[in-house]
Asker: 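Sending over a structure as structure tokens; questions will come in a sec.
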Amino acid sequence: MAAKGNADAPVGRGELVAALDRALHTHARAALSGAAGSGKTAVLTALAAAARSRGETVLHLTPEAADRHIPEAAVAALLTSVPAAALDGLAPPQRAAVAVLRRETDDPRAGRDLIALRLAIVETLRALAAAEPVLVVVDNAQWLDGESVDLLRFALRLTPSRVRVLVAEHVHGGTPAAEALCGPGIRSVALPPLDADEVAELLVVHGLPARLAGRIHRASGGNPRLALALGHSLAASREPVHHADSLPVSGQARDVARRLLAEAPGPARPTLLLAALATRPTTALLRRAGRPGAEGDLAAAERAGLVTVGEDDTVEFTAGALPSVLAADAGWSERSAGHAALAAAVDDPVQAARHRALAVDAACAALADDVSEAAACCRRRGNRALAAELGMLAADRTPADRPDEELARLVAAAEDAGWAGRADLARRAAEAVLARDAAPADRVRARLAVIDSAGQALADHDENFAHAAADAAGDPALQALVQLRVAWKLNLSDGDPVRSRAAAAEAGELARRGGDPVAEAMALTVRARMGRILGDPGAEEILAEALALPAPDVPLGLRNAPQYLAVRHALFDDWLDDARRRLLALLPRAERSGSCEDVFEVLRSLTEVELRGGRCAAGLAWARRSLRLTIEAGLSPGPAWYVAAMAEATGGSFARAAGYARRGIQASEEERDQVFLSRNLYALGTVELATGDTAKAVATLRRVADLEAAQQVVDPSILRWHGELAEALVAADEPDDAERLIDHWRTVAVELGRPSVVAALDRAYALLLAARGDTDEAVRLLAETEVHFAELELPLERGRTLLALGRVERRRRRRAPARTALQGAAEVFAAAGARPWADLAAEHPAPLVPGPRGDAHPVAAALTEAELKLALLVSEGASNQEAAAKLFLSVKTVEARLTRIYQKLHVRSRAQLAGALRGR
């Protein structure tokens, strides 16, 4: 996958490679600095390859740490790498000096002649540059020996600008080698870490799971070498890793992290260990914990690229794997002493209890009680992940003679972990519960916590479902909770709303028998959601029944509550102001709940509401916030990438939207998430259609149609792919398929009362009419549809309709109406902040064949874009087979399309067709 700015550049480095290439051509000298593993070598390799492709000579120096202590090692390597012919023209003293350096003579009288050696380097570079430009690439310049630096500095001052120099090094103190070689004015670029999107792209390029990109980005800090090492370690792991798990830093990843940590001076290590053990380290905290020289230690670590120190004194490691390795490599006594010091230094009772528990390795009833109370405090604060960790600690410190307390703490920890999406903690707690003589209710609660922690990845939990159902037998309330999760899984992973609705009905009946109104309301909510999907007109009555039941503030997750489903229905029905008002009221409740998935769901819906209402800047802001939350909390990335793709496709960049959608497709496929697989494909297909890649758009959107059919989705207001696919089919010259699709789904939309879906299908039908030559009726229908969208207060749909109207008017050579419609579309898109669509409205909307006076040729007005492409190919002599290959069509399709072209232009042969097009 190409990086932006340069097709051959490493992921995320395209613009930087281009900038360095410009600097080399302008100034002949450039430098690149970055931490170990940041990708300097990959950037240099890309620049060297570009130079070779231009016919330049590339000399590559890569000294190692041991070379720093070998005088003239780098110069010897340089002179050994040059072609022999470049040395043939040297004067005898210079040739002799090179022979001594390269150990080519046994003459005991031969001595080191530094002046001759300096001149030999100068003349060699000049000789090479006389033939073609030379690029000297110095990687790991920090390991250059001093003598070589002196020799090269002298030579580079005397060489022409055709000798370019590119230096890469890891700078963490002292004079940079690039300045020592080329002088203080050298153009220097720092290599930034990859962002989360670029890490995802890097993983995809290397065939690694994209769904863990957020976790790997946090653990690697955007360091490409560490990110790949983590990815390969996970790929080689026998145990599946959930997207929210703490990533195990082992094997190659641990070695890379250790090499990074080795850059810090030895005296700073104890300070870094304390920072690694603290939850929220600050300079002041580290001083209070016994490190009076913390500022100096952290400054050295910051120069080495290991930490950043904020203006408020907060200390943050640049890569999440670093504190893990620091703690793992420290002995128990070091960690114990560190936690004891931190326990006395922190000012938060919760953190003090945590450190006291981690400082000892023995049971203590009083300590266990303190830690358990700290867990309860975190639960009240909404920090369920820390509550789970503390609950596990409390259980571990509970004395053996209090087994009931230990078990209760383990079950609570499991449920906290499930709520927070921490699958690793949920599994550990559940395994501890199941290893004890636990009651069936505790076993069920523990297993359901593991299921709840899985997010979108429910497909791998069949065994947990089976065991939970067996343990719940005979208890209707427990059975209802299990059956409710089954209903969720049947929809999300199996894509079967019919069975999901049946399971929800069974869960509701069990909840009534068990006296659990919360579970009953949740079951009714699933029934209402599935009913909407299946086009059941009674779905709203079921939702009203769920809303009437008493329920606590956040029952089993706000995202599963009837109040949230009511908001989704308002969005589907285009009651956008109502949906927005309700969502803003739900957001604080979701944040207080401590469930990151609940918060994400509210942010997702806010994004969709704002985008559909024509407030693209606000939609982009909500989408970016939801993406940050997904990365920080380790949620399933497929939904977040879908939201980001839709926001970018509407208000940002089509290219970024396509990138998000492709990553979302891969992540959803990895997690077998059918719901968001459809949505990410829809986002990609929408972009492909908008950017004119109609063949791909048809293939992508047909895949959406197949998935939606497999999931038995009837209501077209939930995912509005129908009009998009119809438009793509028209553009791809498949009018019969487009007409069948429009007829079917228009009937469904009318029956269900979905006016905006009807309007979108009318727009597609108008384009179909235009493609068949009935442009008058097409223009009338588009004008009517534009008014309809304006009445529905859907500005982006209105803008798209005006854009389509302008294009149809241009095709029938009505320039003034076309200009009016296109200007109107541009104004609507600009007011909404829909930048990529505004760009489309401003561009030439379709290829035209110019007439004799430069206006649109009547032939072009008679043909669709797809027909015009084929006509031009055939008129230039292409056979049907050749045209089919160039247009990625079947020969049968080419023959049928060519017949229609002949009919429209009233010609009977290829020669007559060529004559009709000769005006171009």
Side-chain angles (χ1 to χ4, degrees), residues 240-245 375 378-379 382-389 391-392 410-434 441-469 471-472 477-494 500 503-504 507 511 516 518-519 521-523 525-526 529 551-552 554-561 564 590 593-601 629-630 633-636 638-639 671-673 675:
V241 178
H242 185 263
H243 49 74
D245 288 354
C378 288
R379 204 172 294 122
N383 190 345
R384 302 294 282 263
L386 183 54
E389 180 189 344
M392 293 288 290
L410 287 171
V411 172
E415 291 184 322
D416 284 329
W419 194 268
R422 282 294 304 272
D424 54 339
L425 291 177
R427 283 197 304 268
R428 281 174 49 203
E431 287 167 2
V433 170
L434 298 174
D442 290 331
R443 297 170 67 85
V444 171
R445 289 169 63 192
R447 288 192 185 278
L448 292 183
V450 174
I451 292 170
D452 290 344
S453 71
Q456 305 295 110
L458 293 175
D460 296 324
H461 285 272
D462 288 343
E463 184 177 352
N464 272 322
F465 279 113
H467 281 295
D471 286 332
L478 288 178
Q479 289 176 305
L481 295 177
V482 175
Q483 197 64 17
L484 188 56
R485 270 78 171 183
V486 171
W488 296 339
K489 186 254 185 186
L490 286 169
N491 174 49
L492 187 64
S493 298
D494 296 4
S500 176
D516 187 345
V518 174
M522 297 300 98
T525 303
V526 177
R529 179 179 283 127
V554 186
L556 296 181
L558 183 61
R559 63 195 178 279
N560 301 310
Y564 181 68
S593 75
S595 170
C596 294
E597 289 201 63
D598 282 351
V599 176
F600 170 81
E601 274 298 317
L629 173 67
T630 295
L635 303 179
S636 294
E671 294 194 330
R672 287 181 276 177
D673 177 355
V675 172

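This is a predicted model, so every value here is computed, not measured.
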Asker: Under 3.5 Å, side chain of Trp419 to main-chain N/O of Ser593, donor-acceptor pair present?
Answerer: yes

Asker: Could you check if a side-chain atom of Ser493 sits within less than 4.5 angstrom of a side-chain atom of Asp673, using non-hydrogen atoms only?
Answerer: no

Asker: For a quick test of reading the model, state the closest non-hydrogen atom pair linking Ser453 to Ala423 and the distance between them.
Answerer: OG-CA, 3.4 Å

Asker: Let me confirm one number: the CG-CZ distance from Asp416 to Arg384, rounded to the nearest 0.5 Å.
Answerer: 4.5 Å

Asker: Among all residues two or more places apart in sequence or in another chain, which pass the side-chain contact (heavy atoms from CB on, under 4.5 Å) test with Asn491?
Answerer: Ser500, Met530, Ile533, Val675

Asker: Start with the C-alpha distance between Lys489 and Asp462, add both sets of side-chain angles, then the distance that settles salt bridge (Lys or Arg N to Asp or Glu O under 4.0 Å), and finish with yes or no.
Answerer: CA-CA 10 Å; Lys489 186 254 185 186; Asp462 288 343; 3.1 Å; yes

Asker: Looking only at non-hydrogen atoms, find the nearest pair between Leu629 and Phe600 and report the distance.
Answerer: CD2-N, 3.6 Å

Asker: Excluding sequence neighbours, so at least two apart, what forms side-chain contact (heavy atoms from CB on, under 4.5 Å) with Asn383?
Answerer: Cys378, Ala385, Leu386

Asker: What heavy-atom pair brings Ala487 and Val526 nearest, and what distance separates the two atoms?
Answerer: CB-CG1, 4.0 Å

Asker: Before you tell me yes or no, could you show the steps for Glu463 and His467 under side-chain contact (heavy atoms from CB on, under 4.5 Å), namely the whole-Å CA-CA distance, both residues' side-chain angles and the distance that decides it to 0.1 Å?
Answerer: CA-CA 6 Å; Glu463 184 177 352; His467 281 295; 3.5 Å; yes

Asker: To the nearest 0.5 Å, what is the distance between CH2 (Trp488) and CG (Asp452)?
Answerer: 6.0 Å

Asker: Please name the pair of heavy atoms, one in Ala507 and one in Ala480, separated by the smallest distance, quoted to 0.1 Å.
Answerer: O-CB, 3.5 Å

Asker: What pairs with Asp442 under salt bridge (charged side-chain N to carboxylate O under 4.0 Å, His left out), at least two apart in sequence or on another chain?
Answerer: Arg445

Asker: What residue among Glu415, Glu431, Met392 forms side-chain contact (heavy atoms from CB on, under 4.5 Å) with Leu410?
Answerer: Met392

Asker: So, the side chain of Tyr564 versus the backbone of Asp598: is there a donor-acceptor pair under 3.5 Å, distance only?
Answerer: no

Asker: Please name the pair of heavy atoms, one in Ala414 and one in Ala449, separated by the smallest distance, quoted to 0.1 Å.
Answerer: O-CB, 3.1 Å

Asker: Can you name the closest pair of heavy atoms from Leu425 and Glu389 and give their distance?
Answerer: CD1-N, 4.1 Å

Asker: Answer yes or no: is there a donor N or O on one side and an acceptor on the other, between the side chain of Arg485 and the main chain of Leu481, under 3.5 Å?
Answerer: yes

Asker: When rounded to the nearest 0.5 angstrom, what distance separates CG in Asp471 from CD in Gln479?
Answerer: 11.5 Å

Asker: Give, for atom CG of Leu490 and atom CD of Gln483, the distance between the pair rounded to the nearest 0.5 Å.
Answerer: 8.0 Å

Asker: Go through the steps to decide whether Val482 and Val444 satisfy the test side-chain contact (heavy atoms from CB on, under 4.5 Å), and finish with yes or no.
Answerer: CA-CA 8 Å; Val482 175; Val444 171; 4.0 Å; yes

Asker: Take Glu601 and Leu558, measure what side-chain contact (heavy atoms from CB on, under 4.5 Å) needs, and give me the verdict at the end.
Answerer: CA-CA 9 Å; Glu601 274 298 317; Leu558 183 61; over 6 Å; no

